[in-house]
Amino acid sequence: MTVRSVPFADRIADGVFALDASLRFTYLNDEAAALFDASSEELLGRSVREGVPATLESQFPEAFYRTIDDELPTTFEFYHHEREARFELRAYPSEEGLSAFVLELDDRRRSVDHHAAVIEAIDDGVVTIDGNRRIVAVNGAMIEFLDADRGSIVGERVETLAELAGISEDDCEAIRRGIGDVESGLARQRRFELPITDGDGSERIGELRIVPVRDGTATAAAVVRDVTDRREYERVVESLHEVTRWLLEADDPEEICAVAVRAGSDLLDLPISGVWLLEEERGYLEPVAGTAEAYDEFGGFPRFRPGEGIVWDVFEDGEIERFDDLRTVDDLYNPDTPLRSEIIAPIGTHGVLMTGSFEPEAFDETDVELLSTLIENTRAALDRTDRERVLRERTERIERQTERLEEIARILSGDLQHQLEQVASILDADDDRELPLAESEVEASLERTDRLVDDVRELAREASAVGARSRIDLGAAIESAVASSRLDANAVTLEEPATLRADRERFGHLLESAFDEIAARADGANVTVEIGLLESESRGLVVRDDATQPKDRVDDTRGLELAVLEAIARAHGWRPAIGRDDRGRRRIELAGIATLECSEEGGQSGADETSR
């Protein structure tokens, strides 16, 4: 068969021509005719010696005769002086003579060189493969990843490369099928994600893409990208979302901080970390959670007060900061710290999370980004607990208000009515008592009624209505309260001088209520009242008395006065408790007075104390 029977040859961009056994042209396409500087009509029927320029003709006949005589394909290169280019001629025997294809080598080589330069510049590993599954080329990135020699790879089958990369046989089979799909045109590309091993023996995750190429030799290219860090990042992000669920399920701020620290250590590989929350009343950052490694290294965490180091500065600024080398940073809380690098991340207005390393430049932008996600979730959880705390306190306040209203209703309907009935009974009596005596009894009843009204007014006040707190000398406050109560001044003993901070007026009313309740139970009998400090970890006061209530006397004010005492105590944030000690004495406890402190000597008068 000759080329003349294949019409599509006219559309081939390379030169194509046919010769008979006498080396006469029987077919030329336009590209071949142009190569010989003639037209097809001028060359058909003419011999190579007659129609081809001498500079070319001298390079052809010997090869052509060899193709015809030996009936074997022949390939050789020749140089075209007019075009200043090299060409490759491939001659194939036919029934009438031979068919030849002419390919310009310089363009192709330039294209191949360009492709090679591009592939070499790619950071991903690239391997090109021919139709026989042999490696045509491999770029430097792949050589570096495998720590292999280029000469030991090029020309070998793809299985050699798979063995170097530790790819399993099942994955190799899938890759072979992918190469076949791409070469045959069944797919534009094939993509795989599989475990691979680098030159150091480390296990990595590789993303392998197989794409078709057409450079004259290779038929497909495999592009390998190390996606280990990306997959680890995605895993950590997914895990952080799971941590968010734990944070939102936690009810206690310290538990939330402990979860955040543990997540930073386990997921983000931040073994030296801690969380500080703002102690609003005292105005400093209090450590509430830390990793075991941090406690082992430092034995505990300091408090940070305003102006004490960069931690407080970052907290006030509200923006996460990364310090690559603490030795170059001024205003450190501890200039001799063994830490070299650090990240300080404010948790909104709640506090800060801080993580450090003994190596400089230990953290990068990915660490900052992931830590920011953890911080934002922690802030949201702490915001939620704040909202729930406010709602809980509001609910408790409403419940206390309801209880006080019920107590007021009980007093008004019972105790106050009882006092008024006593006054009416005295005035309506038909006995022979002298008027001054009757007036005295009425005056005493009205005085008790007036006290009831005062107590009702105190009980009706909001639990949160505590005024400015000042430092109060306990001895002076007791002396003043006894004088305003119905209790004898000599009945009260203070076991140990002390001071505390409270609303002076309301604390005085609390003491008066306690003393009036004791006096009512004593009903004129001698009574001993002892006031001391609680013997427990929780600071507070204890009031003990030996008053006993006569069985034949109705207690008109006892419930109200203790209710007032409890309301004032809770308004200050203290924990009141009423019971009896092991000797059967009435015992009133006021626990949780954080500002209660022992003093060497009591003050002269509560009025002499100054607020601070």
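Please read all numbers here as calculations on a predicted model, not as lab measurements.
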Selection residues 40-60 - residue pairs positive for ring-ring contact (aromatic ring centres under 6.0 Å, His included), sequence neighbours left out: Phe60-Phe64, Phe60-Phe78
Salt bridge (Lys or Arg N to Asp or Glu O under 4.0 Å) partners of Arg190, counting only residues at least two apart: Asp181
Intermediate values then yes/no, side chain to side chain contact (heavy atoms under 4.5 Å, CB included), Val329 and Glu342: CA-CA 11 Å; Val329 177; Glu342 196 169 63; over 6 Å; no
Nearest heavy-atom neighbours spanning Gly283 and Pro306: O-CD, 3.3 Å
Residue Arg157 excluded, over 12 heavy atoms near CZ under 6.0 Å: yes
Passing candidate, side chain to side chain contact (heavy atoms under 4.5 Å, CB included) with Asp124, options Asp226, Val223, Asn139: Val223
Donor on one side chain, acceptor on other, Thr74 and Thr67, under 3.5 Å: yes
pair Val314-Pro346: side-chain heavy atoms closer than 4.5 Å: yes
Listed once per pair and sorted, the ring-ring contact (aromatic ring centres under 6.0 Å, His included) pairs that draw on residues 316-373, sequence neighbours left out: Phe304-Tyr333
Ionic contact status for Asp383 with Arg387, cut-off 4.0 Å: no
No-hydrogen, no-angle side-chain donor-acceptor test under 3.5 Å, Ser202 and Asp200: no
Verdict with supporting geometry, Arg322 and Glu365, salt bridge (charged side-chain N to carboxylate O under 4.0 Å, His left out): CA-CA 9 Å; Arg322 188 185 82 199; Glu365 286 302 321; 3.1 Å; yes
Side chain proximity check, Pro271 to Thr291, heavy atoms < 4.5 angstrom: no
With sequence neighbours excluded, residues passing side-chain hydrogen bond (donor to acceptor under 3.5 Å, both in side chains) with Glu71: none
Residue list, salt bridge (Lys or Arg N to Asp or Glu O under 4.0 Å) with Arg303, at least two apart or on another chain: Glu286
Arg24/Asp20 under salt bridge (charged side-chain N to carboxylate O under 4.0 Å, His left out): CA gap, chis, key distance, verdict: CA-CA 5 Å; Arg24 290 190 299 265; Asp20 61 15; 3.2 Å; yes
Step-by-step side chain to side chain contact (heavy atoms under 4.5 Å, CB included) determination, Leu103 to Arg90: CA-CA 8 Å; Leu103 313 172; Arg90 299 178 183 178; 3.9 Å; yes
SB check Arg392 Glu388 (cutoff 4.0 Å): no
Neighbour count >12 (heavy atoms, 6.0 Å) for atom CZ, Arg327: no
Any side-chain heavy-atom pair of Asp252 and Thr385 under 4.5 Å: no
Ile343 and Ile320: CA distance, side-chain angles, deciding distance, side chain to side chain contact (heavy atoms under 4.5 Å, CB included) verdict: CA-CA 7 Å; Ile343 298 178; Ile320 189 169; 3.9 Å; yes
Pairwise salt bridge (charged side-chain N to carboxylate O under 4.0 Å, His left out) hits with a residue in residues 161-174, at least two apart: Glu169-Arg176, Glu173-Arg176, Glu173-Arg177
Residue from Val275, Ile347, Asn377 passing side chain to side chain contact (heavy atoms under 4.5 Å, CB included) with Leu382: Ile347
